[in-house]
Amino acid sequence: MSVNVEELTFEFTDRLRSYLRKLIDLGGSDLHLKAEGKIKARVRGDIITLSDEVFKKREMITLAKEMLRGRFNELVEEKQADLTFFLNDDYRFRGNMFFQKDGVSAVFRVIPTRISSFKDLDMPPVMNKLAATHRGIILVTGATGSGKSTTLASIINEINETASKHIITIEDPIEFIHQDKQSIVNQRSIGEDAMDFTSALKGALREDPDVILIGEMRDIQSMEIALHAAETGHLVLGTLHTTDTTETINRIIGMFPVNEQNRIRLTLASVLQGVVSQRLVKTVDGKRRAALEVLVRTERIADLIRKNRDDEIKMALEDGKEIYGTQTFDQSLLDLHTSGAISEEDALANATSPDNLKLKIHGVGSVHAGTAAKAPQEGIIGLKK
């Protein structure tokens, strides 16, 4: 089904722009459009009605034509299509249009043009150490909408500003735009600049990279290539939709056949430099902050992975907070509550062990499950001194 662009008035795109501006004014993250439904938005984590106006079924089809133009056939054939939409110099949006029983729906997520620094995001100091890693794998994990892309962009930005590297990003689609600073940054979008993640990853290894960012490690092929790249001296950054560090390790190993899992476990113990898992929590001033569980590679943690003692990793993260900067979600939530950033109610609602965290909030028991002073005197592997 071809689209004659000359016949389009783009009146529905103009309506879309007005909703996107309103979304930004409210500090929202996502705009939801649905045929025959009211205009909705996600603001500070909650879905609200942005407007009582309705896009009719035919109007949503026309909007899709205005948005996709020559790619409209992709929506018809694949029943969904990704796109990037520029509102102005300060804001762009990652969009997805898809069919549902009442017609076409669309979701547009805000991607600020400005890339936040670790300081802007109130990230712990250990993030600077992770960004200084020369080789291995660093993963940012969490549920959809937890801020993974923002954190990855801040890591790339830190490398770009402080080191002379060749950085290649492979994304679907490209979200944050990086300009060359100290480093060279080549960004490739799946479908436009590369056929798929696997071929783009294979190609990246022949393109003299120092750092490779993989928008999402979706399958065994991309994970295998990523592990190989890390083994051969590259720094690989990527995301997984996992809830914490232990699940991340289990997910990676579980991607592979049983007879391969011991080999992958040994490889992962060797190359995994860090895992940053995120949960967005409402703050007392109505905004949101990321609570972080942070794993940094130490000899103790590498040994636990190697020996399939994953259930002990959380204790190692607790014990290493003062010395290595590792931390569990509950330690992060306790810090956020102690600083006055989040309420006790929201801290407990996002806790891994709400009962234990409540005791610590009220001064019963140690802040950390182990004592940092008893942690082995080991260095962080792969980081600059």
Side-chain angles (χ1 to χ4, degrees), residues 90 92 94 110-142 146-171 174-188 204 207-217 226 229-230 233-240 245 248 271-280 288-298 320-321 323-327 332 335-336 379-385:
D90 295 320
R92 51 198 292 272
R94 180 183 70 195
V110 180
I111 305 173
T113 303
R114 181 179 175 275
I115 299 173
S116 299
S117 66
F118 292 149
K119 183 178 181 180
D120 295 332
L121 298 173
D122 293 304
M123 292 288 183
V126 70
M127 295 298 295
N128 295 92
K129 295 181 180 180
L130 287 174
T133 305
H134 294 299
R135 54 192 169 274
I137 290 181
I138 297 173
L139 298 171
V140 180
T141 80
S146 60
K148 298 186 296 297
S149 297
T150 300
T151 298
L152 271 180
S154 70
I155 295 174
I156 290 293
N157 186 60
E158 178 70 14
I159 297 171
N160 191 16
E161 289 187 339
T162 60
S164 298
K165 304 282 188 179
H166 179 204
I167 302 167
I168 296 176
T169 78
I170 303 168
E171 304 170 74
I174 292 171
E175 297 191 32
F176 292 89
I177 303 296
H178 296 271
Q179 304 297 331
D180 291 356
K181 296 178 182 177
Q182 291 276 32
S183 295
I184 304 169
V185 186
N186 282 303
Q187 297 185 257
R188 306 188 69 193
E207 293 156 7
D208 189 34
D210 297 294
V211 181
I212 303 171
L213 182 148
I214 307 168
E216 185 179 344
M217 296 181 181
H234 305 87
L235 176 62
V236 179
L237 306 173
T239 67
L240 283 174
T245 54
T248 299
V271 303
L272 185 64
Q273 297 293 340
V275 179
V276 180
S277 299
Q278 305 192 173
R279 296 173 187 170
L280 286 185
R288 293 195 292 174
R289 283 272 295 277
L292 305 180
E293 181 168 279
V294 182
L295 177 150
V296 173
R297 176 179 166 77
T298 65
K321 190 175 193 297
I323 299 176
Y324 312 118
T326 59
Q327 63 184 27
S332 177
D335 288 343
L336 289 172
I380 298 176
I381 300 173
L383 302 184
K384 292 181 179 178
K385 298 293 187 182

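Note that the numbering runs from 1 along the sequence shown for the chain.
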Rounded to the nearest 0.5 Å, what's the gap from [atom1] on [X] to [atom2] on [Y]? Could you check?
{"X": "Lys181", "Y": "Asn160", "atom1": "NZ", "atom2": "CG", "value": "5.5 Å"}
{"X": "Ile184", "Y": "His178", "atom1": "CD1", "atom2": "NE2", "value": "15.0 Å"}
{"X": "Gln187", "Y": "Ile168", "atom1": "CD", "atom2": "CD1", "value": "11.0 Å"}
{"X": "Asp210", "Y": "His234", "atom1": "CG", "atom2": "NE2", "value": "7.5 Å"}
{"X": "Leu152", "Y": "Phe176", "atom1": "CG", "atom2": "CZ", "value": "9.5 Å"}
{"X": "Asn186", "Y": "Glu207", "atom1": "CG", "atom2": "CD", "value": "8.0 Å"}

Keeping the roles fixed (side chain from [X], backbone from [Y]), state whether a donor-acceptor pair exists under 3.5 Å.
{"X": "Thr239", "Y": "Gly215", "result": "yes"}
{"X": "Glu171", "Y": "Leu213", "result": "no"}
{"X": "Gln327", "Y": "Leu292", "result": "yes"}
{"X": "Gln278", "Y": "Ser146", "result": "yes"}
{"X": "His166", "Y": "Asp208", "result": "yes"}

After noting the C-alpha distance and the side-chain angles of Glu158 and Asn128, does the key distance pass the side-chain contact (heavy atoms from CB on, under 4.5 Å) rule? CA-CA 8 Å; Glu158 178 70 14; Asn128 295 92; 3.6 Å; yes
Which residue in the set Val276, Thr151, Ile155, Val294 passes side-chain contact (heavy atoms from CB on, under 4.5 Å) when paired with Met123? Thr151
Quickly, which of Ile156, Thr133, Ile138 forms a side-chain contact (heavy atoms from CB on, under 4.5 Å) with Val211? Name it, please. Ile156
Under the side-chain contact (heavy atoms from CB on, under 4.5 Å) rule, what do Leu235 and Ile159 come out as? Steps first, then yes or no, please. CA-CA 11 Å; Leu235 176 62; Ile159 297 171; 4.1 Å; yes
I'd like to know whether Lys165 forms a side-chain contact (heavy atoms from CB on, under 4.5 Å) with His134, so could you lay out the CA-CA distance, the side-chain angles of the two residues, the decisive distance to 0.1 Å, and finally the verdict. CA-CA 10 Å; Lys165 304 282 188 179; His134 294 299; 3.7 Å; yes
Looking at every heavy atom in both [X] and [Y], which two are closest together, and how far apart are they?
{"X": "Ile137", "Y": "Ala226", "answer": "CD1-O, 4.0 Å"}
{"X": "Val271", "Y": "Ala230", "answer": "CB-CB, 3.9 Å"}
{"X": "Ser183", "Y": "Ile167", "answer": "CB-CD1, 3.9 Å"}
{"X": "Leu139", "Y": "Leu240", "answer": "CD1-CD1, 4.1 Å"}

Going by heavy atoms in the side chains, are Lys129 and Val296 under 4.5 Å from each other? no
Can you find a side-chain donor-acceptor pair between Asp120 and Ser117 that sits under 3.5 Å? yes
Indicate whether any N or O donor in one side chain lies under 3.5 Å from an N or O acceptor in the other, for Ser277 and Thr245.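 Note: Ser277 and Thr245 side chains miss the donor-acceptor criterion.
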Please assess Phe118 against Asn157 for the test side-chain contact (heavy atoms from CB on, under 4.5 Å), listing each intermediate value before the final yes or no. CA-CA 9 Å; Phe118 292 149; Asn157 186 60; over 6 Å; no
